[in-house]
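Beneath this line is the structure, given in structure tokens, with notes to follow.
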Amino acid sequence: MEKICVIGLGYIGLPTASMLATHGFDVLGVDINSDIVKIINNGGIHIEEPGLHTLVQAAIKSGKLKAATEAKPADIFIIAVPTPFTKEKKADLSYIKSAAKNIAPLISKGNLVILESTSPPGTCKDILEPIFKSFDLKIGKDYYLAHCPERVLTGYTLKELIQNDRVIGGIDKESAEKAAQFYKVFIEGNIYLTDSTTAEMVKLMENTYRDVNIALANELARICEKLGIGAWEVIRLANLHPRVNLHTPGPGVGGHCIAVDPWFIIEKYPADTEIITLSRKINDSMPEYTVAHIRRIVEGIDNPKIAILGVTYKGNIDDTRESPALKIISELEKIGIRYSIYDPHVREFKYKLSSLKEAFSGADCAVILANHDEFRFLHPAEIGKLMRNKVLFDTRFCVDHNLWEESGFKVYCLGVG
Ligand code: SAJ
């Protein structure tokens, strides 16, 4: 079995490294954060993902997975580091570049380098290949290079890691074929070969497709509110058509992918990305739109208090990166509306977290921002007793509004007029 070195032990790198280890590969997981390395070597995890803890424990126990802060020689190097964006909405490729520079001196003849991180089009060809070239490494002669973008959905990572189809873009044909041979060992989905720039663009367009469609749904929500109808009902009925797949509105698009990746295309082709840019603008305006709703709901109440339910970027995960809740809370602070936060999935957050009871105590409006399953099982009759005013604002259409109304709540829902 080949030796694998996975650079980056985050939401993609750690599940990938531990899954490879449990498939019999010798895996070294590398992360610059020594605390993370320590946690993993002790069989622990630093992120929440269903099934991951058991998998990491099994991988560490078998001796097939080890974590370290420095890379070591291997047959295959997988780069799974973050590609955040700067304040100017430009891709920050510093992690990819430093990963490449760290592994370059370790590469020996026939090694394969795979970039899994989502990257702007041309990253393999224009950034990685030149870096390796500066270390005297020649494609085909000394090493192979391919882009195989990760496509897993947080919350379903372990299942999707194995079952999803994969697109593999080689810097040349041989690189694509070498990478395909490797993925075939553990992937049950289909594998499609192409060139590296196409693979980069495929990944970006998958997320951009979603962003544009979410923007359309958010636009629909605004229209329905004015029309006095429910966007959710329009979506449900329109989606019965075999060729329609309207997405859902919400308080904003968060996460490290959909709110970020479209910018990697816009950055390169600003004049040709009108729909993509407008969609970003619409989705980015949703937190402000949500706050405007909250303001209207609590208008006239003396020193109102909001109970915020869920601060992750979507339901049933612990990830708060780029979450619309961050913008909403910062806006509430600016306009001086009191708030408390309850999130059963989040342990650490930029703002103070409260217990369920604390969050609802004396509140004038409960605002659901993330559709965690737990919120469907809340008891509005009990919760109502803690509140000063029994009002619910559901931005995700995720609880039984009749039940809340029966308990005396006035219910508002985003997208419903
Ligand atoms: N959202 C809506 N309405 C929708 C769908 C999503 O408002 O109809 C919001 C969510 O609430 C969330 C954000 O969009 O704030 C993104 O959520 P998501 O579930 O659509 O996507 P991510 O960011 O968790 O994962 C995406 C996935 N890409 C696609 O489905 C095309 C995943 O497969 C990728 O691997 C991941 O990006 C990535 O890493 O790029």
Side-chain angles (χ1 to χ4, degrees), residues 8 10-16 47-49 80-85 91 115-120 147-161 163-167 189 199-222 231-232 234-236 238-239 244-265 279-280 282-287 289-290 310-328 345 368-372 394-398 414-415:
Y11 284 88
I12 300 300
L14 181 57
T16 304
I47 47 173
E48 184 188 294
E49 182 62 40
V81 294
T83 35
F85 63 165
L115 175 68
E116 284 219 7
S117 314
T118 306
S119 314
H147 179 48
C148 182
E150 59 83 9
R151 300 159 105 188
V152 295
L153 199 63
T154 320
Y156 302 88
T157 299
L158 299 190
K159 181 172 151 267
E160 292 206 357
L161 211 49
Q163 291 180 356
N164 282 4
D165 292 348
R166 297 298 287 252
V167 172
E200 285 156 354
M201 203 56 192
V202 167
K203 168 63 203 237
L204 295 177
M205 278 316 285
E206 287 168 359
N207 283 351
T208 301
Y209 161 85
R210 247 171 118 67
D211 199 43
V212 169
N213 279 285
I214 297 166
L216 186 63
N218 283 328
E219 200 160 275
L220 171 71
R222 291 170 186 234
W232 307 89
V234 173
I235 292 165
R236 186 179 72 80
N239 282 351
V244 174
N245 177 23
L246 285 171
H247 286 36
T248 52
V253 171
H256 41 294
C257 311
I258 295 192
V260 175
D261 298 355
W263 290 111
F264 294 179
I265 309 175
S279 302
R280 276 287 68 244
I282 292 173
N283 290 337
D284 271 352
S285 73
M286 289 313 288
Y289 186 76
T290 305
V311 286
T312 55
Y313 80 86
K314 62 178 183 181
N316 300 323
I317 56 166
D318 70 341
D319 193 342
T320 58
R321 284 176 295 174
E322 308 287 330
S323 172
L326 290 162
K327 277 195 203 158
I328 291 169
H345 288 261
I368 300 180
L369 293 181
N371 45 340
H372 294 318
D394 183 359
T395 67
R396 300 280 189 177
F397 193 55
C398 65
L414 191 108

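Just follow the structure's listing: the first ligand is 1, and inside any ligand the first atom is 1. FYI, the numbering just counts along the sequence from 1. Just so it is clear, the structure is predicted and the values come from calculations on it, not from any experiment.
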Which class fits the ring pair Trp263 and Phe85: parallel under 30°, tilted 30 to 60°, perpendicular over 60°? tilted
Taking N or O atoms only and a 3.5 Å limit, does Arg210 qualify as a polar contact for ligand 1? yes
Does any N or O of ligand 1 fall below 3.5 Å from an N or O anywhere on Glu150, backbone included? yes
Distance to 0.1 Å, residue and atom name: give those for the protein heavy atom nearest to atom 21 (O) of ligand 1. Ile258 CD1, 3.5 Å
Answer yes or no: is there a side-chain heavy-atom contact under 4.5 Å between Ser279 and Thr208? no
Taking atom types as modelled and ignoring hydrogens, do the side chains of Asn283 and Asn218 form a donor-acceptor contact shorter than 3.5 angstrom? yes
Between CG on residue Leu220 and CG on residue Asn213, distance to nearest 0.5 Å: 12.0 Å
Would you say Glu206 and ligand 1 have an N/O pair spaced under 3.5 Å apart? no
Distance from atom 27 (C) of ligand 1 to nearest protein heavy atom, with residue and atom: Leu153 CD1, 3.6 Å
Do Val152 and ligand 1 have an N or O pair less than 3.5 Å apart? yes
Between Ala325, Gly254, Ala370, Gly255, flag the one that comes closest to atom 13 (C) of ligand 1 by a heavy atom. Gly254
Any idea which atoms of ligand 1 are less than 4.0 Å away from a heavy-atom of Ile214? 1 (N), 2 (C), 3 (N), 4 (C), 5 (C), 6 (C), 7 (O), 8 (O), 14 (O)
What atoms of ligand 1 come within less than 4.0 Å of a heavy atom belonging to Arg151? 32 (C), 33 (O), 34 (C), 35 (O)
Taking only heavy atoms of Cys257, which atoms of ligand 1 are found under 4.0 Å from at least one of them? 23 (O), 36 (C), 37 (O), 38 (C), 39 (O), 40 (O)
Tell me which one of Lys314, Glu49, His256, His345 satisfies side-chain contact (heavy atoms from CB on, under 4.5 Å) with Asp319. His256
Does the Lys203 side chain pair with the main chain of Glu150, one donor and one acceptor, at a distance under 3.5 Å? yes
Of His256, Arg396, His247, the residue with the heavy atom nearest atom 11 (O) of ligand 1 is Arg396
Nearest non-hydrogen protein atom to atom 40 (O) of ligand 1, with distance, is Lys203 NZ, 2.5 Å
Ser117 side chain vs Val81 backbone, donor-acceptor pair below 3.5 Å: yes
In the protein, which heavy atom is nearest to atom 12 (C) of ligand 1, and how far is it? Tyr313 O, 3.3 Å
Side chains of Arg321 and Thr154: donor-acceptor distance under 3.5 Å anywhere? no
Can you sort out which atoms of ligand 1 are near Gly252, meaning under 4.0 Å from one of its heavy atoms? 15 (O)
Minimum-distance pair of heavy atoms, taken over all atoms of Asn371 and Asn316: O-ND2, 4.1 Å
The option among Asp261, Asn207, Thr248 carrying the non-hydrogen atom nearest to atom 7 (O) of ligand 1 is Thr248
Would the distance check show the side chain of Thr157 and the main-chain N or O of Val152 forming a donor-acceptor pair, the cut-off being under 3.5 Å? no
Does Glu160 approach ligand 1 within less than 4.0 angstrom via side chain, backbone, both or neither, non-hydrogen atoms only? neither
Quick one: does Ser323's side chain have a donor or acceptor within less than 3.5 Å of a partner on Val311's backbone? yes
Taking distance alone, with no angle check, do Val253 and ligand 1 share an N/O pair under 3.5 Å? no
Which residue holds the protein heavy atom closest to atom 19 (O) of ligand 1, what is that atom called, and what is the gap in Å? Lys314 NZ, 2.8 Å
